[in-house]
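The structure appears below as structure tokens.
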Amino acid sequence: MKAKSFTKRVYDVVRKIPKGKTLTYGQVAAAMGSPGAARAVGNALNKNRNKDVPCHRVIRSDGSVGGFAWGTPKKIAILKKEGAIK
DNA sequence: CATTTGACGCCAA
DNA sequence: TTTGGCGCCAAAT
């Protein structure tokens, strides 16, 4: 297995998120083996803003959408459309 | 190479 | 209950 960069692992996990499902940054960080790296996870998505990954399905632990490089309201609209949030 | 930033998380007041 | 501050990690500048 390749020692992928931290960011690559973030994409790999987020990319596996099914439609209508949402994960928290902390859960994604823990899923990759780095619990507590919630900031680093959001940072990877923000700095890279890779559209190949459903980054809009990654939200905060509070249930808030958090932020979005393309526009937070845009992210909310997608999640609401997906039925992931109320 | 060192410092700052940043889409977070949790505790205290 | 809501707001503020501190702590953590990785990437960008």
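Lettering follows sequence order; numbering is per chain, from 1. As the structure is a prediction and not an experimental result, all values here were calculated from the model.
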* To do: Inspect the contact between A:Asp12 and A:Lys16 and indicate whether a charged nitrogen and a carboxylate oxygen are less than 4.0 angstrom apart.
  => yes
* **Nearest heavy-atom neighbours spanning A:Gly67 and A:Thr72** => CA-OG1, 3.8 Å
* Asked: Below 4.5 Å, heavy atoms only, C-beta onward: do A:Val10 and A:Met32 meet side chain to side chain?
  -> yes
* To do: Rounded to the nearest angstrom, tell me the gap between atom OH in A:Tyr11 and atom C1' in B:dA7.
  => 12 Å
* A:Ile59 and A:Ser64, any side-chain heavy atoms less than 4.5 Å apart -> no
* So A:Leu45 and A:Phe68, side-chain contact (heavy atoms from CB on, under 4.5 Å) or not? Walk me through it. -> CA-CA 9 Å; A:Leu45 294 168; A:Phe68 198 48; over 6 Å; no
* Please determine if a side-chain N or O atom of A:Ser5 lies less than 4.0 Å away from the OP1 or OP2 oxygen of C:dA11. => no
* Asked: Taking atom C1' of B:dG6 as reference, at what distance in whole Å does atom CZ of A:Arg60 sit?
  -> 11 Å
* To do: Measure from the side-chain heavy atoms of A:Ala40 and tell me the nearest of B:dA7, C:dC9, B:dC8.
  => C:dC9
* Asked: Any stems for DNA chain C, made of 3 or more Watson-Crick or G-U pairs in a row, each with both distances under 3.5 Å?
  -> B:2-6 with C:9-13, B:8-13 with C:2-7
* To do: Please work out if A:Ala37 contacts a base, only the sugar-phosphate, or nothing of the nucleic acid, heavy-atom cut-off 4.0 Å.
  => sugar-phosphate
* Asked: Do A:Tyr11 and A:Val28 share a hydrophobic cluster (ILVMFWY, side-chain heavy atoms under 4.5 Å, transitive)?
  -> yes
* Asked: Just how far, in rounded Å, is P of B:dT4 from CG of A:Asn43?
  -> 16 Å
* Base, sugar-phosphate, or nothing: which does A:Phe6 touch, judged by heavy atoms less than 4.0 Å apart? -> sugar-phosphate
* Send over the distance from A:Asn46 CG to B:dT5 C1', rounded to a whole Å. => 10 Å
* Which whole-number value in Å describes the distance from A:Met32 CE to C:dC9 C1'? -> 11 Å
* Structure fact -> Against the side chain of A:Leu45, the closest entry in B:dA7, B:dG9, C:dA11 is B:dA7
* Structure fact -> Rounded to whole Å, the NZ-C1' distance (A:Lys47 to C:dC9) equals 12 Å
* Structure fact -> Whole-Å distance, A:Ile17 CD1 to B:dA7 P, equals 19 Å
* Out of B:dA7, C:dA10, C:dA12, which nucleotide sits closest to the side chain of A:Asn48? -> C:dA12
* To do: State, to 0.1 Å, how close A:Lys21 and A:Ala84 come at their nearest heavy-atom pair, and which atoms those are.
  => N-CB, 4.4 Å
* To do: May I have the distance from A:Asn50 (atom CG) to B:dA7 (atom P), rounded to whole angstrom?
  => 18 Å
* Asked: Would you say a side-chain N or O of A:Ser34 is under 4.0 Å from OP1 or OP2 of C:dC9?
  -> no
* Starting at the 5' end of DNA chain C, which residue's closest nucleotide do you reach first, A:Arg39 or A:Thr7? -> A:Arg39
